[in-house]
Amino acid sequence: MSASGETQRGNSKANDVRLSNIVAAKSVADAIRTSLGPRGMDKMIQRGDGEVLITNDGATILSELQVFHPTAQMLVQLSKSQDIEAGDGTTGICVIAGALLQACSELLSKGIHPTMIAEAFKLSAKKAEQILTSVAKPIDLADREGVLDAVNTCLSSKVVHHHSDVLAPISVDAVLSVIDPLTATNVDLNDVKIVKQVGGTMDDTELVKGLVLERSAKGGGGGPIKVPNAKVALIQFCLSAPKTDMENNVVVSDYAAMDRILREERKYILNQCKKIKKWGCNVLLIQKSILRDAYNDLSLHFLAKLDIMVVTDIERNDVDFICRTLNIQPIAHIDHFSPDKMGMAGLAQEVTIAGSTSKVVKFTDIVNMGQTITILMRGSNKLVLDEADRSVHDALCVVRSLVKKRFLIGGGGAPEAECALQLTQWAKTLTGVHSYCARAFAEALEIIPYTLAENSGINPISMVTELRSRHKQGDFAGGINVRNGTICDMWAEKIVQPLLVNTSEISLATECVGMILKIDDLIPVR
């Protein structure tokens, strides 16, 4: 027997830590498992301040959860990274990760070393990506029908799926109008601005080729609210009397001095307004100011007299989008005014939103407009609007995924079932422990069709068994049609999704599981 102290004695603590990590991460995965697929349930989230959210978008649910366990937080970040990478499939990725962790705990209990499991899983994920690519079909962005099918599939699981016939074409057109479909490899979704207005129904949602500001024009002083051939300037300085830098008081005792101050103030503001008019500007956007009033009644009165339409309180983070759209530069000081910093629009007008009291300012026919576009979202209440916003964001991400990787793949658990089948056959060619782990990985992927069936109220075991036999007969597009509880060809049913969603799901989930496996101790540090 070797001298004591040479061998590591008992690794029971490492096993306990691993087990507790797996249980914690799995509990997060199980929490959102019910909201997978078109028949998935929605979650109602009540925040601490009493605000209520209704959603079934995995990333939104998880980002709202207060997760304390460090490993469970990894799952939250996993769904966030899927949201950034592909935008869709944020629920599916957690379900896959949960199933892989379940497989890990079974393999660990058989005494297989965690490093071996992680290694085998990485190999399997690579193989799975090859299998997925082999069953995918290339798509051309000009093929509008194909892109629309993918967007419709994405919207089918959302709260707003009844309105997908309105929202899907809008999402596709929005993305395709801000890129060059032939050469683009990515889409900056900041170029698509979603303006939400309560009132009307979802069917009133429209795509605006131009700019929409969520403010009404300040027509209080009798200023114009409709300006054809607009020359637009965005100013960042204040149209009000100057203040001292430090907090101090000026005490005025006699009336003559007081009159003089008011007169000077009036003259100062009038001068500024005249300078603005001199450059031919007739629509003025004023950025919000914190230090002092960005405008006062006097300046609005003068601007109205000079026939200049004014929109105030432009948010700081909208400035960049406005500048790109109108092709203008923000003007930081009255002396910096010049014609090349101003933009031209065919028409700037204030529009009253039908069915509500709020007003927006629309700019249309913009001269050499930047590559941006605005979606004006309508909904009957705030909850519906917010959920529609998230759903349209997912739909835009689906189109973006197709731009990044131009392949479509079937939905309804078909690709996962095909992967499970081919990986099981591939596992037989491997030797030793790897073969065992690869088989477990393949079985874990079947969680997606299983959960889809379960959420739809179909018997999951018989469904997945039938799906397996269909794929064994070579029907690689067979998937679960949750609407009538049968297995049919997903391409014929037009249930398709971007390949990027599935490949990034599997690779990111495997990475995350490998990381959780390699943790053997949790050391709290004060």
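We use all heavy atoms of the structure for the numbers below, so side chains are in, but hydrogens, waters and symmetry mates are not.
- Taken to the nearest 0.5 Å, the OG atom of Ser469 stands 8.5 Å off from the NZ atom of Lys472.
- Using a 4.0 Å cut-off between a side-chain N of Lys or Arg and a carboxylate O of Asp or Glu, Arg483 and Glu493 do not qualify as a salt bridge.
- The backbone N or O of Trp491 lies less than 3.5 Å from no partner atom in the side chain of Asp149, so there is not a single donor-acceptor pair.
- Contact annotation: the side chain of Phe476 never approaches that of Ser134 to less than 4.5 Å [non-hydrogen atoms, C-beta and beyond].
- Side-chain contact between Tyr436 and Leu430 is absent, with no heavy-atom pair separated by less than 4.5 Å.
- Between Lys158 and Glu387 there is no salt bridge, since no side-chain N of the basic residue sits under 4.0 Å from a carboxylate O of the acidic one.
- Between the side chain of Glu446 and the main chain of Ala417, no donor-acceptor pair closer than 3.5 Å is present.
- Among residue pairs with one or both ends in residues 130-139, none qualify as salt bridge (charged side-chain N to carboxylate O under 4.0 Å, His left out); sequence neighbours excluded.
- For the pair Leu500/Glu85, a side-chain contact is recorded, criterion being any heavy-atom separation below 4.5 Å from C-beta on.
- Put simply, the side chain of Thr90 never gets that close to the backbone of Asp83: no donor and acceptor are under 3.5 Å apart.
- Looking only at distances, a side-chain donor or acceptor of Ser435 sits under 3.5 Å from a matching main-chain atom of Ala427.
- In summary, Asp57 and Arg390 do not engage in a salt bridge, as defined by a charged side-chain N under 4.0 Å from a carboxylate O.
- The nearest pair of heavy atoms linking Leu423 to Ser124 is CD2-O, 3.8 Å.
- Judged by distance alone, the side chain of Arg18 and the main-chain N or O of Leu517 form a donor-acceptor pair under 3.5 Å.
- Enclosure of atom CG in Leu522 by more than 12 non-hydrogen atoms of other residues, nucleotides or ligands within 6.0 angstrom is indicated.
- Here CD of Gln497 is found 10.5 Å from CG of Leu402. Values are rounded to the nearest 0.5 Å.
- Side-chain contact between Gln197 and Val212: absent, with no pair of heavy atoms (C-beta onward) separated by less than 4.5 Å.
- Counting heavy atoms from C-beta outward, Asp318 and Lys193 have side chains that approach closer than 4.5 Å.
- Between the side chain of Arg378 and the backbone N or O of Thr205, no donor-acceptor pair lies under 3.5 Å.
- Heavy-atom contacts from other residues, nucleotides or ligands closer than 6.0 Å to NZ of Lys494 number 12 or fewer.
- Of the possible donor and acceptor atoms, none in the side chain of Asn502 sits under 3.5 Å from a partner among the backbone N and O of Leu499.
- Side-chain atoms of Asp88 never come within 3.5 Å of backbone atoms of Val501 as a donor-acceptor pair (strictly under, hydrogens ignored).
- For Asp173 and Arg144, the salt-bridge test passes: some basic side-chain N is under 4.0 Å from an acidic carboxylate O.
- Thr372 and Thr325 are linked by a side-chain donor-acceptor pair at a separation below 3.5 angstrom, with hydrogens and angles left out of the test.
- Ion pairing between a basic and an acidic side chain is recognised when a charged N comes within 4.0 Å of a carboxylate O; Asp313 and Arg215 show no such pairing.
- Here CH2 of Trp426 is found 11.5 Å from SG of Cys419. Values are rounded to the nearest 0.5 Å.
- Counted within 6.0 Å of CZ on Phe321, heavy atoms from surrounding residues, nucleotides or ligands total more than 12; the atom is thus considered enclosed.
- In this structure the side chain of Leu213 reaches within 4.5 angstrom of the side chain of Ile314, judged on heavy atoms.
- Donor-acceptor pairing under 3.5 Å is lacking for the side chains of Asn56 and Ser35.
- When side chains are defined from C-beta on, Gln77 does not count as touching Leu62, because their heavy atoms never get closer than 4.5 Å.
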Using distance only, find each side-chain donor-acceptor pair of residues 22-30 under 3.5 Å and give its atom names and separation, not counting sequence neighbours.
unit_1, atom_1, unit_2, atom_2, d
Lys26, NZ, Gln102, OE1, 3.3
Ser27, OG, Ala24, O, 2.6

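- Looking at Asn455, its side chain does come within 3.5 Å of a backbone N or O of Leu36 through a donor-acceptor pair.
- Under a 3.5 Å cut-off, the side chain of Ser171 and the backbone N or O of Leu396 do not form any donor-acceptor pair.
- In this structure, the side chains of Pro460 and Met463 stay at 4.5 Å or more apart for every pair of heavy atoms.
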